Amino acid sequence: MAYLEITLHVDPANRSSAAGVYEKYKQTFLDSIAGATSKELLIRDEDVQVLHGFQSVADAMAYLDSALFTEDVVGELAPLLQTEPDVRVYDIV
């Protein structure tokens with residue numbers, strides 16, 4: 001099992017729009033991305049994190065290269081971001 005954690009710095013005024021992107025693509029992610037097992041939106045005062053569960057690190061890395069991520073999700077989130085996202089992949093041992 002593996003996790004992909006993406007930390008986004010989004011102005012509080014744009015957080016509802018960012019949450020809308022999360023909701024829009026959550027089910028598509030779960031239904032169409034190989035090895036996807038979960039997707040959660042975590043909100044803190046300082047940032048927003050999206051935690052994706054996968055069956056393997058390879059599945060997580062493949063998602064980062066998928067059209068769903070690079071074109072759809074990133075395309076809609078890019079105008080809302082204050083900085084580049086922090087992307088981390090974790091392997092469960």
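One-based numbering along the sequence shown. Because the structure is predicted, anything quoted here is derived from the model rather than measured.
Judged purely by atom type and a 3.5 angstrom limit, Tyr22 uses its side chain to pair as donor or acceptor with the backbone of Lys39. Of the possible polar contacts, one joining the Thr37 side chain to the Gly53 backbone as a donor-acceptor pair under 3.5 Å is found.
Side-chain heavy atoms closer than 4.5 Å link hydrophobic residues (I, L, V, M, F, W, Y) into clusters, and following such links, even through other members, never connects Leu30 to Leu51.
No side-chain donor-acceptor contact under 3.5 Å links Asn14 and Ser17.
In this structure, the separation between OG on Ser38 and CE on Met1 is 5.5 Å, given to the nearest 0.5 Å. Rounding to the nearest 0.5 angstrom, the gap separating the CG atom in Leu41 from the CD1 atom in Ile43 is 4.5 Å. Atoms CG and OG1, from Leu42 and Thr7 in turn, are 9.0 Å apart once rounded to the nearest 0.5 Å.
Taking the six-membered ring where tryptophan is involved, the planes of Phe29 and His52 are perpendicular, since the angle between them exceeds 60° and thus also 30°.
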Can you give each donor-acceptor pair under 3.5 Å made by side-chain atoms of residues 86-93, sequence neighbours left out, with the distance rounded to 0.1 Å?
from: Asp86; atom 1: OD1; to: Arg88; atom 2: NE; distance (Å): 3.4
from: Asp86; atom 1: OD2; to: Arg88; atom 2: NE; distance (Å): 2.9
from: Asp86; atom 1: OD2; to: Arg88; atom 2: NH2; distance (Å): 3.1
from: Tyr90; atom 1: OH; to: Glu5; atom 2: OE1; distance (Å): 3.2

task: Please step through side chain to side chain contact (heavy atoms under 4.5 Å, CB included) for the pair Val50 and Glu40, ending with a clear verdict.
output: CA-CA 6 Å; Val50 184; Glu40 303 297 331; over 6 Å; no
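Using a 4.5 Å heavy-atom threshold, the side chains of Leu68 and Asp72 count as touching. Using a 4.5 Å heavy-atom cutoff, the side chains of Gln82 and Asp11 are in contact. A 4.5 Å side-chain heavy-atom check between Tyr63 and Val73 finds at least one atom pair inside the cut-off.
Between Leu8 and Asp47, the shortest heavy-atom distance links the atoms O-CB, 3.3 Å.
Looking at Leu4, Ile6, Ile33 one by one, the single match for side chain to side chain contact (heavy atoms under 4.5 Å, CB included) with Phe69 turns out to be Ile6.
Listed by chain and number, the residues in a salt bridge (charged side-chain N to carboxylate O under 4.0 Å, His left out) with Glu46 are Arg44 (sequence neighbours excluded). By the salt bridge (charged side-chain N to carboxylate O under 4.0 Å, His left out) test, Lys26 is found to be paired with no residue, residues two or more places apart in sequence or in another chain being considered.
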